[in-house]
Amino acid sequence: MENVLQHFRREEQPFIEQVVNMMREVEDRYAPKLTDFLDPRQQFIVDSIRRQYGDIDVASNGALDEVERKRLLLYPSYFVPTLEDFMMTVVEVQYPKKFVTLRHKDVLGSMMSLGIDRSKFGDIRVQDGSIQFVVATEVLDYVRANFTAIGKVKVHIEIVENPTNYFVQQEEWSSETLTVSSLRLDTVISAVFNISRQKSSSLIQSGKVKVNWTEKDQISLELQELDLISIRGLGRVKLLMIEGRTKKDKIRLQIGRLDVKN
């Protein structure tokens with residue numbers, strides 16, 4: 001286990017401890033354990049730790065297709081998971097679309113104002129002004145009762161019963177390979193967006209950069225596989241794979257890019 005832990009960041013230790021405790025519960029009680037919605041980096045951590053436990057399997061689901069945020073089910077090898085075990089519900093936000101258009105950030109802001117942790121919500125999909133999102137079933141009643149406005153717009157939530165009515169992912173990611181001198185946040189941003197190190201440092205220090213959905217102001221932060229970088233005004237990139245070093249000792253990266261749609 002020590003060898004596994006050394007690959008993760010110090011701030012990830014509380015999450016790692018939580019995952020280890022869940023694994024031990026599955027072992028001791030010989031019963032499945034369900035996580036909240038996890039981002040891809042957290043999913044990677046769970047699977048890395050799970051590999052240390054021979055009798056525990058893992059399954060993941062996020063309700064919609066091609067989602068980032070998923071719930072993971074840790075279970076003894078004899079157990080056969082079903083969709084119901086993931087306890088997720090897809091809902092659609094009903095509001096007067098003729099008079100106002102709501103965006104992803106508007107929905108996320110209202111979610112956070114409910115006093116429920118982000119981990120109880122899955123992905124948010126916006127399609128032609130219509131909005132769907134995934135919610136943990138255990139908080140569904142509370143969300144339906146209290147998610148009544150987004151900003152000044154009155155809304156209400158309806159369950160989407162038929163999976164054929166789920167919104168399909170419309171974002172388009174492209175992958176590419178590039179080389180960097182280091183995995184520092186400012187260095188990678190500079191290479192990915194073809195801007196100066198000074199410019200990338202300025203973006204980070206001015207609060208415009210998030211790594212795995214959390215604002216980061218540390219220009220020397222070392223990036224790791226499956227980190228997602230979001231930069232206000234520029235777009236999002238995902239560090240898909242660290243492929244190794246070149247003959248000139250540069251680091252070769254495979255990245256996924258999602259450009260801002262204007």
Side-chain angles (χ1 to χ4, degrees), residues 3-13 15-16 37-49 51 60 62 64-70 103-105 108 118 123-126 168-262:
N3 291 337
V4 174
L5 297 183
Q6 71 185 8
H7 297 296
F8 301 121
R9 301 188 182 102
R10 183 171 296 173
E11 66 262 30
E12 292 172 331
Q13 292 301 316
F15 177 70
I16 290 168
F37 287 95
L38 306 180
D39 63 44
R41 174 68 183 169
Q42 292 171 317
Q43 295 167 35
F44 173 75
I45 291 172
V46 171
D47 197 50
S48 298
I49 296 170
R51 292 172 189 273
S60 63
L64 304 173
D65 73 304
E66 294 184 39
V67 291
E68 288 184 339
R69 301 178 65 82
K70 298 178 182 178
R103 304 181 188 281
H104 186 286
K105 65 178 182 180
L108 184 57
R118 177 70 177 97
D123 279 23
I124 302 168
R125 292 274 164 88
V126 180
V168 176
Q169 177 65 279
Q170 292 186 313
E171 294 178 339
E172 288 189 10
W173 290 80
S174 58
S175 64
E176 59 192 80
T177 301
L178 59 98
T179 57
V180 293
S181 58
S182 82
L183 291 172
R184 280 173 50 125
L185 181 58
D186 60 341
T187 303
V188 173
I189 289 175
S190 173
V192 169
F193 294 100
N194 196 24
I195 58 177
S196 69
R197 283 275 293 277
Q198 186 178 2
K199 173 69 173 173
S200 67
S201 298
S202 175
L203 288 168
I204 296 164
Q205 291 170 330
S206 60
K208 293 183 178 177
V209 175
K210 290 184 177 181
V211 177
N212 300 329
W213 297 272
T214 303
E215 189 177 301
K216 298 291 184 183
D217 59 6
Q218 182 187 355
I219 61 175
S220 61
L221 177 74
E222 287 279 315
L223 293 172
Q224 298 181 357
E225 277 189 353
L226 297 183
D227 278 345
L228 180 77
I229 310 165
S230 307
I231 305 176
R232 199 182 313 155
L234 288 180
R236 302 166 76 188
V237 293
K238 188 182 293 183
L239 182 47
L240 299 176
M241 188 184 299
I242 300 170
E243 296 184 342
R245 290 190 176 268
T246 67
K247 290 179 181 177
K248 294 184 178 180
D249 208 32
K250 296 269 192 177
I251 301 169
R252 185 183 288 109
L253 302 179
Q254 185 181 341
I255 65 159
R257 187 193 296 270
L258 176 66
D259 294 321
V260 173
K261 293 183 179 178
N262 297 318

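Bear in mind that the values here come from a model prediction, so they are computed numbers and not experimental data. Worth knowing before you read on, the calculation uses all heavy atoms, side chains too, and leaves out hydrogens, waters and symmetry mates.
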Participant: If we only count heavy atoms from C-beta on, is the Arg125 to Asp65 side-chain gap below 4.5 Å?
Facilitator: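 Yes, their side chains come closer than 4.5 Å.
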
Participant: Side-chain contact, heavy-atom cut-off 4.5 Å: Phe15 with Val46?
Facilitator: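 Counting from C-beta outward, Phe15 and Val46 do come under 4.5 Å.
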
Participant: Return the CD to CG distance between Glu68 and Leu38, rounded to the nearest 0.5 Å.
Facilitator: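 One gets 13.0 Å once the value is rounded to the nearest 0.5 Å.
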
Participant: Count the heavy atoms belonging to other residues, nucleotides or ligands that lie under 6.0 Å from CD of Gln198, then report whether that count exceeds 12.
Facilitator: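 Counting neighbours around CD of Gln198, 12 or fewer heavy atoms of other residues, nucleotides or ligands fall under 6.0 Å, so no.
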
Participant: Any Lys/Arg nitrogen of Asp39 or Arg118 sitting under 4.0 Å from an Asp/Glu carboxylate oxygen of the other?
Facilitator: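 No, no charged N to carboxylate O under 4.0 Å.
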
Participant: Quick one: pull up NZ in Lys216 and CG in Leu185 and give me the separation to the nearest 0.5 Å.
Facilitator: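 Going from NZ on Lys216 over to CG on Leu185, the span is 9.5 Å.
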
Participant: Could you check if a side-chain atom of Gln224 sits within less than 4.5 angstrom of a side-chain atom of Leu183, using non-hydrogen atoms only?
Facilitator: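 Of all side-chain heavy-atom pairs linking Leu183 with Gln224, none is under 4.5 Å.
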
Participant: Hey, mind stepping through Val188 and Leu239 against side-chain contact (heavy atoms from CB on, under 4.5 Å) and telling me if it holds?
Facilitator: CA-CA 10 Å; Val188 173; Leu239 182 47; 5.9 Å; no

Participant: Are any non-hydrogen side-chain atoms of Thr177 and Leu253 less than 4.5 angstrom apart?
Facilitator: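 Side-chain contact under 4.5 Å: no.
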
Participant: For a 4.5 angstrom cut-off between non-hydrogen side-chain atoms, does Pro40 reach Leu228?
Facilitator: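 In short, these two side chains do not touch, never coming nearer than 4.5 Å.
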
Participant: How long is the span from the CZ atom in Arg41 to the CZ atom in Phe8, to the nearest 0.5 Å?
Facilitator: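 One gets 6.0 Å once the value is rounded to the nearest 0.5 Å.
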
Participant: What pair of heavy atoms forms the shortest contact from Gly62 to Val67, and how long is it?
Facilitator: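 Reported closest heavy-atom pair: CA-CG2, 3.6 Å.
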
Participant: With side chains defined as the heavy atoms from C-beta onward, is the minimum distance between Arg257 and Ser175 less than 4.5 Å?
Facilitator: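 Not touching, per the 4.5 Å side-chain cut-off.
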
Participant: Before giving the answer on side-chain contact (heavy atoms from CB on, under 4.5 Å), spell out for Gln205 and Asp217 the whole-Å C-alpha distance, their side-chain angles and the decisive distance to 0.1 Å.
Facilitator: CA-CA 5 Å; Gln205 291 170 330; Asp217 59 6; 5.6 Å; no

Participant: Do Val126 and Arg103 have side chains that approach each other closer than 4.5 Å (heavy atoms only, starting at C-beta)?
Facilitator: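 Val126 does not reach Arg103 side chain to side chain.
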
Participant: Nearest 0.5 angstrom please: Ile255 CD1 to Lys238 NZ, how far?
Facilitator: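 Here the interatomic distance stands at 12.0 Å.
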
Participant: Give, for atom CD1 of Ile195 and atom CG of Leu234, the distance between the pair rounded to the nearest 0.5 Å.
Facilitator: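 One finds 6.0 Å between CD1 of Ile195 and CG of Leu234.
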
Participant: What heavy-atom pair brings Thr187 and Ser181 nearest, and what distance separates the two atoms?
Facilitator: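 Reported closest heavy-atom pair: CG2-OG, 3.6 Å.
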
Participant: Measure across Ser200 and Ile189 and return the closest heavy-atom pair with its distance rounded to 0.1 Å.
Facilitator: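 Heavy atoms only, the tightest pair is CB-CG2, 3.6 Å.
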
Participant: To the nearest 0.5 Å, tell me how far Ser206 OG sits from Arg232 CZ.
Facilitator: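 The CZ atom of Arg232 is 7.5 Å from OG of Ser206, to the nearest 0.5 Å.
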
Participant: Does Asp186 pair with Arg184 as a salt bridge, N-O distance under 4.0 Å?
Facilitator: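 Result for this pair is yes, salt bridge flagged.
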
